Participant: 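First the structure, which I've put down as structure tokens, then a few questions once you've had a look.
From a predicted model like this one, the values you see are computed outputs, not experimental measurements.
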Amino acid sequence: MEDFVAYYNGEFLPQSKISLTADNLGFTRGYGAYECFRTYQREPFHLSDHLERLKHTCMQLLIPFPKEDLVAISKELIAQNLDTELVFRVYVTDNPQTNSYHLLFFCNSPQHFEKTHVLNRPLLLKATLDTRPHKDIKSTSYAIASMAIKQAKLQGYDDVLFIGKDNMVHELSRANFFAIKGNDLYTPKTNFLPGITRKTILSFANEYGFTPRIENFNLDFLTEAEEVFASSTIRGITSIAKIDDMEFDSTKKADKLQSYFKSLAYDGSHDKKHPALSHS
């Protein structure tokens, strides 16, 4: 098994050599900021957006935002890891003893996640009441979502579709949600993590013939949808075949959107300039 090069508190070293100390609250208390991004042709996809979201999470959790040049660290890890494509997982955890933080970059291949987290077919989802706090940040506190996924899998589903007490649709455990009705592309307005892939899809929807509809809707609304799909950093767009007893036969429009998204990602013209991030 390949030992990727990682970054931990100022050092580049093999991931197998990393050991977390007992004062790492991300491990002992689930108190930490987390971010995930990937490369296409060894170029980070919308890295600045991901780092801005990491900064937002740190601010909300009252964890110091790293003073290191995170763009430079990412570029160095790409240089030291020879895989064509990489997935980065970045963790910032509080270190109250020194009034500072721990900073960790893990690397892996997208194929690793294809094998362990997602399937090469449309997803089967179980609608599940959303009791997660802080839905708009990406933290290491993942117990509620992890338990929901396990319970769904015991019933033959792949993942959950989180909904509110009012039956309003929120998102999947690790992905945003979209519905297609004719030329209208619907996605929830509230109660989700602002996804970078979601933002990208909305940015090109008009030129691809869709009218974005950013508004809240409930489960009953989906009975009239032609297609539904999820968007995420690692896979881009993933079609959904079933939500509880609702079945969706077509994936044509979602598949075309996925092809367009991939062509955009592999074009390499995205996010060439990374704006400086303040450390306040």
Side-chain angles (χ1 to χ4, degrees), residues 35-41 43-47 49-50 53 85-88 109-127 138 145 149 157-162 169-189 192-215 217 221-222 225-243 246-271:
E35 189 55 56
C36 176
F37 64 92
R38 66 164 292 176
T39 65
Y40 289 94
Q41 295 184 334
E43 179 71 22
F45 186 72
H46 285 285
L47 178 58
D49 286 329
H50 283 284
R53 188 169 68 180
E85 307 297 348
L86 293 167
V87 173
F88 287 80
S109 67
Q111 289 73 25
H112 167 79
F113 293 92
E114 290 285 340
K115 293 177 181 178
T116 59
H117 291 285
V118 294
L119 304 168
N120 293 316
R121 59 165 171 77
L123 298 173
L124 310 178
L125 304 183
K126 175 66 177 175
K138 201 171 180 71
I149 295 169
Y157 297 91
D158 304 314
D159 202 343
V160 297
L161 177 63
F162 282 121
V169 172
H170 294 178
E171 62 182 342
L172 283 70
S173 66
R174 291 181 290 251
N176 293 128
F177 183 84
F178 285 86
I180 298 175
K181 291 178 64 174
N183 292 325
D184 291 328
L185 184 62
Y186 291 86
T187 192
K189 185 177 182 179
F192 62 89
L193 178 76
I196 311 307
T197 304
R198 172 185 179 273
K199 177 181 177 181
T200 304
I201 293 168
L202 291 173
S203 73
F204 67 68
N206 277 317
E207 66 180 277
Y208 205 69
F210 288 100
T211 301
R213 304 290 188 189
I214 304 173
E215 57 189 69
F217 49 85
F221 175 84
L222 299 180
E226 296 175 39
E227 299 181 32
V228 291
F229 65 85
S231 66
S232 64
T233 291
I234 297 174
R235 291 203 72 191
I237 293 171
T238 308
S239 292
I240 297 167
K242 186 176 181 181
I243 302 172
M246 285 185 288
E247 296 186 356
F248 305 90
D249 296 328
S250 177
T251 66
K252 292 181 181 179
K253 292 182 178 179
D255 289 345
K256 288 181 179 179
L257 282 171
Q258 170 75 323
S259 296
Y260 189 85
F261 174 80
K262 289 292 187 180
S263 67
L264 177 69
Y266 282 110
D267 175 70
S269 61
H270 56 80
D271 206 31

Participant: Do Ile201 and Thr187 have side chains that get closer than 4.5 Å, going by heavy atoms?
Facilitator: no
Participant: Working to the nearest 0.5 angstrom, can you tell me the gap between Asp184 CG and Phe210 CZ?
Facilitator: 9.5 Å
Participant: Checking side-chain contact (heavy atoms from CB on, under 4.5 Å) between Glu227 and each of Ile180, Leu257, Asp249, which is the one that passes?
Facilitator: Ile180
Participant: Tyr40 vs Phe261 aromatic rings, parallel, tilted or perpendicular, using cut-offs 30° and 60°?
Facilitator: perpendicular
Participant: Is Thr197 close to Arg38 at the side-chain level, that is, under 4.5 Å between some pair of heavy atoms?
Facilitator: no
Participant: Please find the pair of heavy atoms, one from Pro212 and one from Leu202, that lie closest to each other, and give the distance.
Facilitator: CB-CD2, 3.9 Å
Participant: Show the nearest heavy-atom pair for residues Gln258 and Arg235, with the distance to one decimal.
Facilitator: NE2-O, 2.9 Å
Participant: Within the side chain of Asn176, is there an N or O that forms a donor-acceptor pair under 3.5 Å with the backbone of Gly195?
Facilitator: yes
Participant: Who are the ring pair (Phe, Tyr, Trp, His ring centres under 6.0 Å) partners of Phe88, not counting sequence neighbours?
Facilitator: Phe37
Participant: For residues 200-211, which residue pairs qualify under side-chain hydrogen bond (donor to acceptor under 3.5 Å, both in side chains), counting only residues two or more places apart or in two chains?
Facilitator: Glu207-Tyr260
Participant: Please enumerate all residues that pass salt bridge (charged side-chain N to carboxylate O under 4.0 Å, His left out) together with Lys199, with sequence neighbours excluded.
Facilitator: Asp49
Participant: Enter the distance from Asp159:CG to Glu171:CD here, rounded to the nearest 0.5 Å.
Facilitator: 10.0 Å
Participant: Should Leu222 and Phe177 count as side-chain neighbours, where that means a heavy-atom distance under 4.5 Å?
Facilitator: yes
Participant: Grab the two heavy atoms, one from Arg53 and one from Glu35, that are nearest each other, plus how far apart they are.
Facilitator: NH2-OE2, 2.5 Å
Participant: Using 0.5 Å steps for rounding, measure from the CD1 atom of Ile234 to the CD atom of Glu85.
Facilitator: 12.5 Å
Participant: Apply the test side chain to side chain contact (heavy atoms under 4.5 Å, CB included) to residues Arg121 and Asp158: give CA-CA distance (whole Å), side-chain angles for both, the deciding distance (0.1 Å), then the verdict.
Facilitator: CA-CA 10 Å; Arg121 59 165 171 77; Asp158 304 314; 2.9 Å; yes
Participant: Would you check if Leu125 and Val228 make a side-chain contact, meaning some heavy-atom pair closer than 4.5 Å?
Facilitator: no
Participant: Run the side chain to side chain contact (heavy atoms under 4.5 Å, CB included) test on Lys181 and Phe221 for me, step by step, so that the C-alpha distance in whole Å, both residues' side-chain angles and the decisive distance to 0.1 Å come before the verdict.
Facilitator: CA-CA 10 Å; Lys181 291 178 64 174; Phe221 175 84; 3.3 Å; yes
Participant: Dump the intermediate steps for side chain to side chain contact (heavy atoms under 4.5 Å, CB included) on Leu161 and Ile240, then the final yes or no.
Facilitator: CA-CA 11 Å; Leu161 177 63; Ile240 297 167; over 6 Å; no
Participant: Please find the pair of heavy atoms, one from Arg174 and one from Ile149, that lie closest to each other, and give the distance.
Facilitator: NH1-CD1, 3.7 Å
Participant: On a heavy-atom basis, which atom in Glu226 and which in Gly182 lie closest, and how many Å separate them?
Facilitator: OE2-N, 2.5 Å
Participant: Grab the two heavy atoms, one from Tyr157 and one from Leu124, that are nearest each other, plus how far apart they are.
Facilitator: CB-O, 3.5 Å
Participant: Could you state the interatomic distance from CD1 (Ile237) to OG (Ser259), rounded to the nearest 0.5 Å?
Facilitator: 9.0 Å
Participant: Is Pro110 close to Val87 at the side-chain level, that is, under 4.5 Å between some pair of heavy atoms?
Facilitator: yes
Participant: Any side-chain heavy-atom pair from Cys36 and Lys138 closer than 4.5 angstrom?
Facilitator: yes
Participant: Just how far is it from atom OG of Ser173 to atom NZ of Lys126, taken to the nearest 0.5 Å?
Facilitator: 15.0 Å
Participant: Distance check, rounded to the nearest 0.5 Å: Phe248 atom CZ versus Leu123 atom CG?
Facilitator: 12.5 Å
